[in-house]
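Okay, structure first, notes after.
Every chain is numbered from 1 and lettered A, B, ... according to where its sequence line falls, protein lines coming before strand lines.
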2 protein chains.
Amino acid sequence: MSEVVPSGARPQRADARENVRQILRAARAVFADRGYEVSIEEVARRSGLGMGTIYRHFPNKRALVEEVAIGHMRETSEVLARALADEPDAWSAFTRVMRHMAEVRSSQMFPVSRRRTTESGPALVAARDALLSDLDGLMDRAQREGSLRADVNAYDVVLMMVSLPPRIADDGAGGGLSVDLTGRQLSVLLDGLRAPGAEQLPGSAATRPDLDEFFRTRFGI
Amino acid sequence: MSEVVPSGARPQRADARENVRQILRAARAVFADRGYEVSIEEVARRSGLGMGTIYRHFPNKRALVEEVAIGHMRETSEVLARALADEPDAWSAFTRVMRHMAEVRSSQMFPVSRRRTTESGPALVAARDALLSDLDGLMDRAQREGSLRADVNAYDVVLMMVSLPPRIADDGAGGGLSVDLTGRQLSVLLDGLRAPGAEQLPGSAATRPDLDEFFRTRFGI
DNA sequence: GCAGTACCGGAAAATGAATTTCCGGTTAGT
DNA sequence: ACTAACCGGAAATTCATTTTCCGGTACTGC
């Protein structure tokens with residue numbers, strides 16, 4: 001994952017490999033629940049490992065976030081493909097993908113290149129572009145079949161997914177919310193995305209630069 | 001505003017009074033544009049005054065935020081009353097209020113009492129409760145007239161307004177987004193809130209404790 | 001005008017919360 | 001049993017903010 005074993009050296013120990021898996025699993029869960037700004041300590045706590053262990057496997061927080069993001073995006077692309085194959089119509093496929101994105105909060109993990117810092121790695125860029133293009137294709141279909149309103153595009157939708165509230169907004173101490181905010185808001189959004197849409201959307205649709213800019217400033221990534 | 005002039009003392013100087021007005025104006029604008037977490041320095045820059053001046057008039061940041069929040073909520077209550085009087089039906093009044101809330105981002109300024117810190121001042125509590133109750137009444141009407149879906153309540157709606165993206169998500173340097181994210185997302189939400197609603201909303205509606213908890217953890221206030 | 005107080009600006013100190021380092025103590029694997 | 005890998009988590013560092021402080025400025029009443 002980030003650790004290329006030099007050809008002459010000893011192989012990575014089995015427990016270490018397992019720990020990397022645990023870290024990624026914990027990171028996914030924590031990011032989905034509370035947003036990607038949670039501290040590494042939080043991830044460590046959830047994974048049952050120490051912070052030192054995380055830094056042994058990832059050079060810094062950003063690298064961990066990237067890794068998780070790549071996983072999310074690839075997975076979402078797979079869900080999309082499967083939905084297209086399974087579902088009877090484009091609208092059903094679309095809602096299925098949206099629900100998945102909300103579930104894993106994958107759009108929040110949609111890093112794009114930062115202004116004056118490290119570029120996103122090529123794997124991330126590739127996964128991101130692939131997903132965007134797939135989503136665009138799906139939405140095209142849905143719009144042609146007349147189920148998705150015509151005045152939105154993939155960038156709009158991704159940006160909407162991003163601003164869904166995290167699953168749990170608590171501080172770890174409290175019990176969190178009893179209401180499924182994310183789910184309720186997503187459902188309302190989906191109803192609002194149904195064609196034809198009574199409201200006239202203001203301005204023009206979002207663009208790629210808008211998406212990039214938003215993520216750059218919101219996630220610094 | 002936070003400075004009670006002791007009865008024997010000199011009255012506040014005219015320029016100082018004007019400065020307080022400037023500060024509140026700048027704070028409102030900046031909070032609406034970029035979210036309430038912006039630094040005091042940002043507010044100072046926008047107001048054309050120094051940070052010291054802000055601290056001369058408000059004991060701390062929290063006090064400034066409260067003051068702005070109270071203003072927003074009172075104003076929103078007024079807009080609501082006016083909308084009720086002017087508009088032909090409850091739905092029009094409802095959308096008008098929603099647009100106003102999105103505009104000033106008043107819901108983001110909906111502070112409620114924090115767990116183990118200073119309570120919100122009584123003026124804030126009163127303004128908050130009044131607005132919530134007014135909104136509840138309006139939504140009741142809209143639901144009875146059959147225009148607003150039946151499975152949402154005022155807490156749900158406020159929580160949705162909260163998670164609208166800020167008007168501008170930039171860092172001050174960049175040009176910001178060219179798209180009106182807030183407006184587009186609000187419109188989609190409004191379409192989704194129209195009765196009857198095709199999607200079944202998951203779980204049950206939000207409650208007052210949910211609202212309180214959300215604000216406590218999100219705004220620490 | 002002048003005195004005198006209120007006021008202002010913004011550099012600097014205090015805070016706070018996070019990331020990242022470091023190293024003594026463990027453990028897997030041969 | 002030996003050793004390189006590995007782990008935990010306290011401590012150091014970093015970074016962005018809030019908040020203080022005080023020399024200098026400018027209202028205001030006389």
> Quick one: what's the B/S/- string for nucleotides 23-28 of chain D, heavy-atom cutoff under 4.0 Å, read 5' to 3'?
Replying inline: ---BSS
>> Output one letter per nucleotide in nucleotides 16-24 of chain C: B when a protein non-hydrogen atom lies under 4.0 Å from the base, S when only the sugar-phosphate is that close, - when neither is.
In response: ---SBB---
> Does the pair Asp33(A) and Arg28(A) meet the rule for a salt bridge (Lys or Arg N to Asp or Glu O under 4.0 Å), with working shown?
Replying inline: CA-CA 9 Å; Asp33(A) 281 354; Arg28(A) 284 187 60 137; over 6 Å; no
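Glu42(B) places its CD atom 10 Å from the P atom of dT18(D), with the value rounded to the nearest Å. Separating the OH atom of Tyr36(B) from the C1' atom of dT18(D) is a distance of 13 Å, rounded to the nearest angstrom. What separates CG of Leu49(B) from P of dC7(C) is a distance of 13 Å, to the nearest Å. Atom CD1 in Ile23(B) sits roughly 12 Å away from atom C1' in dC7(C) (whole-Å rounding). Remark: C1' of dC8(C) and CZ of Arg17(B) are 17 Å apart, rounded to the nearest angstrom. Here the C1' atom of nucleotide dG8(D) and the CG atom of Asn19(A) are 12 Å apart, to the nearest Å.
Side-chain atoms of Asp210(A) and Thr207(A) include a donor-acceptor pair closer than 3.5 Å.
Between Phe94(B) and Met139(B) the shortest heavy-atom distance is CE1-CG, 3.7 Å. Nearest approach of Ala130(B) to Ser77(B), heavy atoms of both residues: C-OG, 4.4 Å.
The line from NE2 of His57(B) to CZ of Arg17(B) is 10.5 Å long, rounded to the nearest 0.5 Å. In this structure, CG on Leu164(B) lies 10.0 Å from CE on Met98(B), to the nearest 0.5 angstrom.
Of the possible polar contacts, none joining the Arg25(B) side chain to the Ser47(B) backbone as a donor-acceptor pair under 3.5 Å is found. No donor-acceptor distance shorter than 3.5 angstrom exists from the side chain of His100(A) to the backbone of Val79(A), with no hydrogens or angles considered.
Under 4.0 angstrom from either OP1 or OP2 of dC7(D) there lies at least one side-chain N or O belonging to His57(A).
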